[in-house]
Amino acid sequence: MGFRPLHDRVLVRRIEAEAKTAGGIIIPDTAKEKPQEGEVVSVGTGARNEQGTVHPLEVKSGDKILFGKWSGTEVKVDGEDLIIMKESDILGIVG
């Protein structure tokens, strides 16, 4: 991929939600919400503090994460829909 985020930004690929509920009910595409789970594709070098030192990010490529519903900016990179967000928009890493 020819894209690398800067500073404390993270590039994320959404993980599609299940099309069926636990009870077996099939959810139509029109009723689905955008998933709030994704996989980290690429990360920036880290945020700079006031002294100028770089604080590395806690997430790394390949981590599965949860993020807020309205987090980030949707972009198209190499024909794939991805999201760029700050590390602070990430709620947590899924074990």
Side-chain angles (χ1 to χ4, degrees):
M1 176 170 296
F3 182 84
R4 184 178 60 90
L6 297 176
H7 308 297
D8 64 339
R9 301 268 193 308
V10 179
L11 188 65
V12 177
R13 177 184 299 119
R14 283 190 196 269
I15 296 176
E16 291 301 319
E18 292 291 323
K20 227 194 284 192
T21 65
I25 299 172
I26 297 175
I27 303 170
D29 288 337
T30 55
K32 285 184 188 175
E33 290 188 18
K34 287 185 177 180
Q36 295 173 284
E37 189 174 346
E39 179 184 354
V40 176
V41 176
S42 180
V43 297
T45 55
R48 289 193 184 274
N49 62 15
E50 293 176 7
Q51 290 77 29
T53 59
V54 176
H55 176 67
L57 302 181
E58 292 189 35
V59 296
K60 60 185 181 304
S61 295
D63 282 349
K64 291 191 179 186
I65 59 167
L66 292 177
F67 51 88
K69 186 176 276 192
W70 307 109
S71 298
T73 303
E74 294 183 358
V75 295
K76 191 170 272 218
V77 178
D78 295 337
E80 185 177 9
D81 291 325
L82 301 170
I83 305 167
I84 298 175
M85 64 180 69
K86 287 191 166 217
E87 185 185 37
S88 60
D89 291 338
I90 297 172
L91 303 175
I93 300 171
V94 179

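All residue numbers in this chain count up from 1 along the given sequence. Note that the coordinates shown come from a computational prediction; the quantities given were computed from them, not determined experimentally.
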**Report entry** Contact check, side chains of F3 and V75, non-hydrogen atoms, under 4.5 Å
**Finding:**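 No, their side chains stay 4.5 Å or more apart.
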
**Report entry** Any M85 side-chain heavy atom under 4.5 Å of I90 side chain
**Finding:**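 Side-chain contact under 4.5 Å: yes.
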
Distance from [X] atom [atom1] to [Y] atom [atom2], nearest 0.5 Å?
X   : Y   : atom1 : atom2 : answer
E74 : L82 : CD    : CG    : 10.0 Å
E87 : R9  : CD    : CZ    : 12.0 Å
E39 : I65 : CD    : CD1   : 9.5 Å
D8  : E58 : CG    : CD    : 12.0 Å

Query raised in the report: Testing L57, V41, I84 for side-chain contact (heavy atoms from CB on, under 4.5 Å) with V10, which one passes?
Result: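 Single side-chain contact (heavy atoms from CB on, under 4.5 Å) partner of V10 among L57, V41, I84: L57.
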
**Report entry** Over all atoms of both residues, closest heavy-atom pair of I83 and F67
**Finding:**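 Result for this residue pair: CD1-CZ, 3.9 Å.
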
Query - Nearest heavy atoms of P5 and V43, plus distance in Å - result: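 Closest approach of P5 to V43: CG-C, 3.9 Å.
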
Query - Salt bridge flag under 4.0 Å for residues K60 and D63 - result: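 Answer for the salt bridge query: yes.
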
Report task. Answer yes or no: does atom CD of Q51 have more than 12 heavy-atom neighbours from other residues, nucleotides or ligands under 6.0 Å? Result ->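 Counting neighbours around CD of Q51, more than 12 heavy atoms of other residues, nucleotides or ligands fall under 6.0 Å, so yes.
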
Report task. Examine I93 and V12 and state if one hydrophobic cluster contains both, with Ile, Leu, Val, Met, Phe, Trp and Tyr joined whenever side-chain heavy atoms are less than 4.5 Å apart. Result -> yes

